[in-house]
Amino acid sequence: MASATLSPQVDIRRADDRAKTKIAWLDSKHSFSFGQHYDPANTHHGLLLVSNDDTVRAGTGFETHPHTDMEIVTWVLQGSLVHQDSTGNKGVIYPGLAQRMSAGRGILHSEKNDAWRLTSDTEPHDDPVHFIQMWVVPDERGIDPGYEQLEIDNELLRGGLVTVASGMDRHDGASAIRIKNRYAALHVARLAPGQSVELPDAPYLHLFVARGEVNLEGAGPLHEGDAVRFTAVGGQRVTGVEPAEVLVWEMHAGLSA
């Protein structure tokens with residue numbers, strides 16, 4: 001993990017500037033280099049390597065594919081996503097449910113918008129699923145693959161930043177799910193107009209506006225799909241301009257060069 005002296009920086013990335021993958025069944029927008037969209041100047045921030053904003057058409061999805069040595073957190077905004085993996089885990093992810101997959105030494109999984117196929121009494125539908133998938137590096141390579149999911153909609157309704165996923169000691173027992181990196185945590189807030197939260201103070205922060213519009217103290221309005229990369233600065237307030245949902249990665253280390 002990197003430990004070099006950091007210069008304070010607030011780097012705003014607008015939604016329309018993201019790389020895009022659009023095919024028949026998938027509309028994906030990439031905050032960082034991903035797949036064929038490689039930019040050596042945009043590979044990560046802190047410990048966060050991937051933040052994909054995905055919309056998948058009904059009855060389709062990502063077929064079985066491999067991952068290794070990555071902590072993958074999926075946050076659904078609309079619809080439902082079916083997860084199946086080679087360790088026997090299966091689950092339906094929907095808004096308000098936190099989900100983490102530890103790829104470890106190797107795992108195969110699929111993600112599809114076909115939840116109706118799990119029960120015989122549910123009719124097929126045409127509704128897309130919209131979700132954010134985020135990847136952070138683990139502390140240790142070659143661990144056992146794992147999976148965890150937990151419903152946290154009630155906590156989100158209470159307001160404030162809710163710790164969704166964390167590997168930090170101080171969030172033990174407080175976060176919804178655990179990830180295998182002791183320097184990283186994901187927080188989520190649903191903001192009504194005029195409601196605000198204060199960002200954590202950490203060497204690296206990544207703020208993503210998943211829905212709606214907010215105002216960032218000292219920087220102005222942020223719209224859906226906008227992101228901000230903070231380095232060596234924190235504590236700003238984020239205020240809802242309209243009903244909004246924000247995802248905040250708090251990271252106390254970065255990748256080694």
Side-chain angles (χ1 to χ4, degrees), residues 1-19 29-34 39-53 71 73 75 77 132-137 139 156 159-171 174-175 179 181-191 195-241 244-257:
M1 303 295 173
S3 58
T5 302
L6 301 173
S7 300
Q9 186 175 8
V10 177
D11 180 8
I12 297 175
R13 303 291 181 112
R14 297 299 180 183
D16 288 345
D17 294 332
R18 296 175 292 179
K29 303 174 182 70
H30 316 291
S31 293
F32 301 97
S33 293
F34 191 81
D39 176 356
N42 185 33
T43 58
H44 68 283
H45 180 65
L47 299 167
L48 183 64
L49 277 71
V50 169
S51 181
N52 286 347
D53 184 351
E71 296 293 290
V73 178
W75 187 251
L77 299 167
I132 312 300
Q133 186 165 96
M134 299 153 282
W135 302 5
V136 295
V137 295
D139 287 330
L156 289 166
L161 277 178
V162 177
T163 305
V164 169
S166 178
M168 297 183 191
D169 290 342
R170 65 186 175 91
H171 294 142
S175 65
I179 57 174
N181 191 306
R182 63 186 181 276
Y183 300 109
L186 171 65
H187 313 280
V188 175
R190 291 177 179 166
L191 299 172
Q195 185 179 13
S196 65
V197 293
E198 183 176 319
L199 296 176
D201 190 2
Y204 301 95
L205 292 174
H206 186 268
L207 167 69
F208 180 74
V209 183
R211 275 198 293 220
E213 181 182 346
V214 300
N215 190 74
L216 173 62
E217 181 181 2
L222 300 173
H223 302 276
E224 186 170 311
D226 288 350
V228 186
R229 305 176 190 186
F230 302 84
T231 305
V233 61
Q236 296 91 337
R237 297 200 70 81
V238 178
T239 304
V241 175
E245 189 164 342
V246 296
L247 282 63
V248 180
W249 277 98
E250 172 188 356
M251 297 167 285
H252 291 267
L255 294 181
S256 300

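Position 1 is the first residue of the sequence, and the numbers go up from there.
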Please test V136 against V73 for side-chain contact (heavy atoms from CB on, under 4.5 Å), starting from the C-alpha separation and ending with a verdict. CA-CA 8 Å; V136 295; V73 178; 5.7 Å; no
Does [X] reach the side chain of [Y], with side-chain heavy atoms less than 4.5 Å apart?
X    : Y    : answer
E213 : H223 : yes
M134 : L247 : yes
E71  : L47  : no
Q236 : L207 : no
T231 : D11  : no
V214 : D226 : no
H44  : V50  : no
L191 : V197 : yes

Between W135 and F34, how do the two ring planes meet: parallel, tilted or perpendicular, split at 30° and 60°?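 Perpendicular: the ring planes of W135 and F34 meet at over 60°.
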E224/R211 ion pair, N-O < 4.0 Å: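 No, no charged N to carboxylate O under 4.0 Å.
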Looking at E217 and R237, does any basic side-chain N land under 4.0 Å from a carboxylate oxygen?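 Salt bridge flag = no for R237 with E217.
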Of all heavy-atom pairs between [X] and [Y], which one has the smallest distance, and what is that distance?
X    : Y    : answer
L205 : H45  : O-NE2, 3.1 Å
P203 : L6   : CB-CD1, 3.7 Å
V209 : G212 : CG1-O, 3.6 Å
H206 : S51  : CE1-OG, 4.4 Å
A184 : W249 : CB-CZ3, 4.2 Å
S196 : T239 : CB-OG1, 3.2 Å

To the nearest 0.5 angstrom, please state how far the [atom1] atom of [X] sits from the [atom2] atom of [Y].
X    : Y    : atom1 : atom2 : answer
M168 : M251 : CE    : CE    : 9.0 Å
E245 : L156 : CD    : CG    : 7.0 Å
L186 : S166 : CG    : OG    : 9.5 Å
F230 : E250 : CZ    : CD    : 12.5 Å

Main-chain N/O of F32 paired to D39 side chain as donor or acceptor, under 3.5 Å: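 No: the side chain of D39 does not pair with the backbone of F32.
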Take L222 and R14 through the test side-chain contact (heavy atoms from CB on, under 4.5 Å) and record every step on the way to the result. CA-CA 8 Å; L222 300 173; R14 297 299 180 183; 3.6 Å; yes
